[in-house]
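The structure appears below as structure tokens.
The figures that follow rest on heavy atoms only: side chains count, while hydrogens, waters and symmetry mates do not. Letters go in sequence order (proteins before strands), and every chain restarts at 1.
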Amino acid sequence: METKKSEVRLMKGNEALAEAAIRAGLDAYFGYPITPQSEILEYFTEQIPKRRGVVLQAESEVASINMVYGAAGAGARVMTSSSSPGMSLMQEGISYIAAAELPCLLVNVVRGGPGLGTIQPSQGDYFQATKGGGHGDYRLIVLAPSSVQEMCDFVFDAFKLAEKYRNPAMILSDGALGQMMEKVEFPEEGSLPHIVPDWATTGKKGRERNFITSLHMEPEKMEEINLHLQKKYKTIEENEVRYETLDVEDAEIVLVAFGLPARICQKAVELAREKGIKAGLVRPITLFPFPKKILSDLSKKIDHFLVIELNAGQMVEDVMLAANGNCPVHFKGRMGGMIIQPEDVLEEIEKIIQQPILQE
Amino acid sequence: MSQEILLEDMQCVYQKPATLTDDYMHYCPGCGHAVAHKILMEVVQEMGIQEDIVGVAPVGCSVFAYNYMNIDMQEAAHGRASAAATGIKRVLPEKYVFAYQGDGDLAAIGTAETIHTINRGENILIVFINNGIYGMTGGQMAPTSLLGQKTSTSPYGRDVEHNGYPLKITDLIAHLPGAYYVTRQAVHTPNTVRKFKKAIKNAFEFQKLKKGTCFIEVVSNCPSGWKMTPKETLAYIEEKMLPEYPLGDLKVPTQNNN
């Protein structure tokens, strides 16, 4: 297989993500099959033995995430992937990884829930991904791709950010992005160098011993660790926010959507503009850190936000916090694996702008 | 009045290994963990592998093992020490890796990880301290608690109909093809300590061969949890624990045709 030069291929999102990880210098993958992301594990089990690194199908998601903990603690560039129910099983381990400040990549190809739910795409895990998910005060760096190309690109970004901040980074995808095929251009293999960090447990040759832990029995020490983590999250919020905007300059109503629905909303903005409605779109790329400032700035200029999600309304709460009452924040979503259509979004836009603005 | 003792006038005949830190151990007086830690670290020193080893501490009384063992270590989530050790060993295959776990960690919450780690034949050592009780959380019933044993969650004694049987997980493990060396040892007498040390040495020698998992159960005690004096626990091990958990090798490499 030709891997030395940049190349364009037609691929499934899940496979593109896996290929990108190998090119990003992945040392180890630990995972467990679950639809709709099993292609990631399958791709690795086929490719890694022929190329480089470790791939292991674990006995459960619980084991997978703790293998990630061990390997990340040993200084490896490591990842796991799963889909919603499996991600729930991993939450304890993710909390430990965040607390021990181990860099790694987590991929959630979200399916409809709650419970065993469905295998169709959903964004029902936004809260879990962005608000902690497991126990205690911690945050993941969360990137939300909206194309197969970004399923590839964000692997590199996620490893960079995870290693820069010693923090787990998550790619929050969905079942549609995982399964659909698009053109994808890959970066060169070896373009993301990795140095084994000096804190890793690799055997204490020529140095003091290292240990990886999340246990601090003295409350003063535990608070100190927490303050350190919070300071780190603050730094991430100050420096790593990413988003895209479309037609917001003169917009009266601004759509806010992440992932696949952002592409649906692009079309909806186009349809609205054809009808003379000044619509725009903000697409958060990082869900944590959340692009609060652009939304806050816009909230002072526009008449309405309309948040579109494949869930019952999760990110909408963050948009409301950013808008802070400056303008109404509306929500339209579909759940359980159903995908909203551009026409549905347009209908909602028209409904909103036809409503008289209530004055207090 | 303090008495001055000049060290230079004395001959050193025995000392704590340099592979143990100077931290005071938090273990209760008479606890087997302290002995097991020391012997494990003595072997690491004698084999000269201090710079080439990574250990994993569990959740349980030995959660702070990394405070005492002067080697690179990780503290794993409850029950997941063997999964974390798998992660370490897979990315550092030339290093010695061990997981040190108690009975609740290894044989209750972590049973799946234990079985599958060994079934894959991960080239690690698992040291399993079996004292038949949850020490850290205050003396609750463990999967290995004896029938009739009174604990804070079996106040009338462990009852088969209600709680099932003591789990002889080491016997189960010995049947797994991935297990290379399985033995049950103890640390409550000078003789058992010597045998335990030999078993640890064997296990690290075997780890070099990359032929599967080495598993050493240590039938141990818990003076606080058992509500006994340290001396009483030694008799309890002999009279109650060892009949249920007899000492000896359950699987040795010659039986593997290796």
Side-chain angles (χ1 to χ4, degrees), chain A residues 26-30 32 48 53-80 89-97 99-100 102 104 134-135 196 199-217, chain B residues 18-21 26 44 49-60 62-97 99 109-120 122 124 136:
Chain A
L26 182 74
D27 293 316
Y29 171 90
F30 303 97
Y32 186 81
I48 284 180
V54 168
V55 56
L56 183 59
Q57 179 173 336
E59 63 271 28
S60 68
E61 288 89 349
V62 175
S64 304
I65 195 67
N66 287 283
M67 290 172 185
V68 168
Y69 177 97
R77 185 172 275 164
V78 57
M79 69 175 284
T80 185
L89 275 172
M90 291 190 188
Q91 293 304 320
E92 182 204 32
I94 295 172
S95 173
Y96 277 62
I97 287 170
L102 302 178
C104 63
H135 58 285
V196 175
W199 47 260
T201 59
T202 52
K204 67 181 281 291
K205 193 157 273 176
R207 56 162 171 75
E208 289 299 298
R209 74 204 175 96
N210 286 333
F211 58 90
I212 304 292
T213 186
S214 63
L215 177 66
H216 310 282
M217 292 292 275
Chain B
T19 41
L20 281 177
T21 66
H26 71 281
V44 168
I49 58 174
Q50 187 183 11
E51 297 184 333
D52 296 303
I53 191 164
V54 183
V56 182
V59 169
S62 48
V63 69
F64 286 120
Y66 58 83
N67 281 345
Y68 314 128
M69 299 184 187
N70 190 11
I71 55 171
D72 275 9
M73 285 196 81
Q74 296 192 18
E75 198 291 302
H78 196 23
R80 321 301 171 209
S82 63
T86 297
I88 298 166
K89 186 70 179 187
R90 290 284 177 139
V91 298
L92 300 174
E94 303 311 318
K95 303 289 174 183
Y96 294 89
V97 175
I109 195 167
T111 308
E113 283 78 6
T114 303
I115 297 286
H116 285 279
T117 297
I118 298 164
N119 196 49
R120 285 190 303 266
E122 298 292 341
I124 62 168
M136 179 65 105

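Atom-to-atom distance recorded for B:Gln74:CD and A:Thr201:OG1 is 4.0 Å, nearest 0.5 angstrom. Of the inter-residue distances, the one linking A:Met67 atom CE with B:Lys89 atom NZ reads 15.0 Å to the nearest 0.5 angstrom. Atom-to-atom distance recorded for A:Phe30:CZ and B:Thr86:OG1 is 8.0 Å, nearest 0.5 angstrom. Expressed to the nearest 0.5 Å, how far NZ of A:Lys205 lies from CG of B:Asp52 amounts to 4.0 Å. Within the model, atoms NZ of A:Lys204 and CE of B:Met73 stand 13.5 Å from one another, a figure rounded to the nearest 0.5 Å. Here the CZ atom belonging to A:Arg209 is positioned 8.5 Å from the CG atom belonging to B:Asp72, to the nearest 0.5 angstrom.
Sparse packing is recorded around OH of A:Tyr32, with 12 or fewer heavy atoms of other residues, nucleotides or ligands lying under 6.0 Å away.
Here the closest heavy-atom approach between residue B:Val54 and residue A:Thr202 is recorded as CG2-C, 4.2 Å. The shortest non-hydrogen separation linking B:Glu113 to A:Ser60 is OE2-OG, 4.3 Å. Listed here is the closest heavy atom pair of B:Ala112 and A:Glu59: O-OE2, 3.7 Å. Of all non-hydrogen atoms in A:Tyr96 and B:Val59, the two that sit nearest each other are OH-CG2, 4.4 Å. Considering every non-hydrogen atom in both B:Ala83 and A:Ala63, the closest pair reads CB-O, 3.8 Å. B:Gly87 approaches A:Ala71 most closely through the heavy-atom pair O-CB, 3.5 Å.
Looking at A:Ile65, neither its backbone nor its side chain comes within 4.5 Å of chain B, counting heavy atoms on both sides. Only the backbone of B:Ile53 has a heavy atom closer than 4.5 Å to any heavy atom of chain A. Contacts of A:Ala72 with chain B are absent, with no heavy-atom separation under 4.5 Å from either backbone or side chain. With a threshold of 4.5 angstrom between heavy atoms, B:Glu94 does not approach chain A through any atom at all.
Ranked by heavy-atom pairs shorter than 4.5 Å toward chain A, the options B:Ile115, B:Asn67, B:Thr21, B:Ile88 are led by B:Ile88. Taking chain B as the reference chain and counting heavy-atom pairs below 4.5 Å, the highest number among A:Asn210, A:Thr213, A:Val62 is found for A:Asn210. For the set A:Ala200, A:Ala74, A:Ala76, A:Ser214, the entry with the most heavy-atom pairs within less than 4.5 Å of chain B is A:Ala74.
Side-chain contact between A:Leu215 and B:Phe64 is present, with heavy atoms from C-beta onward closer than 4.5 Å.
Although no hydrogens or angles enter the test, the distance criterion places a donor-acceptor pair under 3.5 Å between the side chain of A:Tyr69 and the main chain of B:Glu75.
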